[in-house]
Amino acid sequence: MNFKVGHGYDLHRLVDDRKLVLGGVEIPYEKGLLGHSDADVAVHALMDALLGAAALGDIGKHFPDTDERYKGISSITLLEKVKDLLLSKGLVLSNADITIIAQKPKLLPYIEDMRKNIALTLGCDVGSINIKATTEEGLGASGKGEAIAAHAVCLVYAK
C-alpha cells in the first residue's frame, strides 16, 4: 500500500462574543475563537494534515479568509470538501490523531462527540480518530488563556 503522513497545526485567539467550537462541537465557555470561519482549530489542524498528506497545500489555499463564501462557515463543512479532494486523488484516511492545547475549558466531556463528528464527516470508523487535550501549564498564549491551538497528524493511503 502507498501510505502518506500529514501534519497540521492551528492556533486562534480567544475573544468575547464568539461561540467556542472544537471538533464540530459547541462548547459552553465565556469566550470563542476568532477567525473567518467558526475557527475550529482542531478541525483546521486536521484539514491541514490531510491536505499535507495528499500534497494539496493547506486550508488557506483552498478556503482563503478573503473569500466571503467561507465567512462564518462550519469547519465540518470544509472538512467534507477536504475529504472530497482526497477521494479525487484516490486517497482515504487510515487514522488521525489530534491534540488540542487549551488551558481552559476542560475538554474531556466533549471529546467523544468530537471524534464522532469527525468520523461521520470523513466516513470512517470512530476508532480511526483520536483526540486528546492538554494544557501548557500556564505558558505561552494558550497557557495564558489567550488562545487555543491544535496539532494533528494523519495517515492516508491509496485505495
Side-chain angles (χ1 to χ4, degrees), residues 1-14 19-27 29 32-65 70 73-136 140-143 147-159:
M1 273 195 184
N2 184 13
F3 289 98
K4 298 173 183 266
V5 174
H7 174 263
Y9 171 79
D10 197 29
L11 176 135
H12 283 269
R13 179 181 309 276
L14 282 163
K19 292 178 182 178
L20 178 58
V21 179
L22 293 169
V25 176
E26 189 174 323
I27 297 169
Y29 191 57
L33 295 168
L34 181 62
H36 188 66
S37 66
D38 64 8
D40 184 334
V41 293
V43 173
H44 288 189
L46 176 58
M47 288 189 296
D48 268 345
L50 292 166
L51 290 167
L56 290 171
D58 62 18
I59 61 174
K61 174 182 174 182
H62 296 276
F63 315 111
D65 63 7
Y70 305 121
I73 196 168
S74 163
S75 294
I76 290 290
T77 299
L78 299 178
L79 182 60
E80 289 176 24
K81 294 177 185 297
V82 169
K83 177 186 84 171
D84 292 342
L85 287 169
L86 261 66
L87 289 173
S88 74
K89 288 197 75 167
L91 298 170
V92 294
L93 177 71
S94 172
N95 70 297
D97 187 27
I98 303 165
T99 303
I100 302 169
I101 306 160
Q103 199 65 35
K104 290 181 183 176
K106 294 296 182 191
L107 299 176
L108 184 61
Y110 308 101
I111 286 177
E112 284 308 308
D113 285 341
M114 291 182 210
R115 292 178 66 219
K116 289 174 186 173
N117 282 346
I118 291 169
L120 181 65
T121 303
L122 294 177
C124 67
D125 184 77
V126 74
S128 296
I129 307 297
N130 187 59
I131 300 176
K132 52 200 177 292
T134 190
T135 70
E136 288 191 315
S142 63
I148 294 179
H151 285 271
V153 64
C154 70
L155 183 67
V156 301
Y157 63 93
K159 57 178 187 161

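Quantities reported herein were computed from a predicted structural model and do not represent experimental measurements. All residue numbers refer to positions in the sequence shown, counting from 1.
Heavy-atom minimum distance, A150 versus A45: O-CB, 3.6 Å. Across all non-hydrogen atoms, the minimal contact from A42 to G23 is CB-N, 3.9 Å. Taking each heavy atom of C154 and L93 in turn, the nearest pair found is CB-CD1, 3.9 Å.
Residue pairs meeting the side chain to side chain donor-acceptor pair (under 3.5 Å) criterion with at least one partner in residues 148-157, sequence neighbours excluded, are H7-H151. Note on residues 113-127: pairs passing salt bridge (Lys or Arg N to Asp or Glu O under 4.0 Å), not counting sequence neighbours, are E112-R115. Residue pairs meeting the salt bridge (Lys or Arg N to Asp or Glu O under 4.0 Å) criterion with at least one partner in residues 76-101, sequence neighbours excluded, are D97-K132.
In this structure, the side chain to side chain contact (heavy atoms under 4.5 Å, CB included) partners of H12, at least two apart in sequence or on a different chain, are D10, L33, A39, V41, H44. The salt bridge (charged side-chain N to carboxylate O under 4.0 Å, His left out) check on K104 picks up nothing, with sequence neighbours excluded. Not counting sequence neighbours, E136 has no partner by the salt bridge (charged side-chain N to carboxylate O under 4.0 Å, His left out) test.
Two residues are said to be in side-chain contact when any heavy atoms from C-beta on lie closer than 4.5 Å; I100 and M114 meet this criterion. By the 4.5 Å heavy-atom criterion applied to side chains, V43 and T121 are not counted as neighbours. A heavy-atom distance below 4.5 Å is not found between the side chains of L78 and D40.
In this structure, the side chain of D48 engages the main chain of I59 through a donor-acceptor pair within 3.5 Å. N117 contributes a side-chain N or O that, together with a main-chain N or O of G24, makes up a donor-acceptor pair within less than 3.5 Å. Using modelled atom types, one side-chain atom of H62 and one backbone atom of L56 make a donor-acceptor pair closer than 3.5 Å.
Atom NZ of residue K4 and atom CG of residue L50 lie 13.5 Å apart, to the nearest 0.5 angstrom. Note that CG of L46 and CD1 of I98 are 4.5 Å apart. Values are rounded to the nearest 0.5 Å. Rounding to the nearest 0.5 Å places CG of L120 at 11.0 Å from CD1 of I129. Considering OG1 of T77 and OH of Y70, their distance stands at 11.0 Å, rounded to 0.5 Å. In this structure, CD1 in I76 is found 8.0 Å from CG in D38, a value given to the nearest 0.5 Å.
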Verdict with reasoning, L86 to V92, per side-chain contact (heavy atoms from CB on, under 4.5 Å): CA-CA 7 Å; L86 261 66; V92 294; over 6 Å; no

Going through the checks in order, is the side-chain contact (heavy atoms from CB on, under 4.5 Å) test met by N95 and N130? CA-CA 8 Å; N95 70 297; N130 187 59; over 6 Å; no

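Of the options I148, V25, T134, I27, a side chain to side chain contact (heavy atoms under 4.5 Å, CB included) to L107 is made by I27 and by none of the others.
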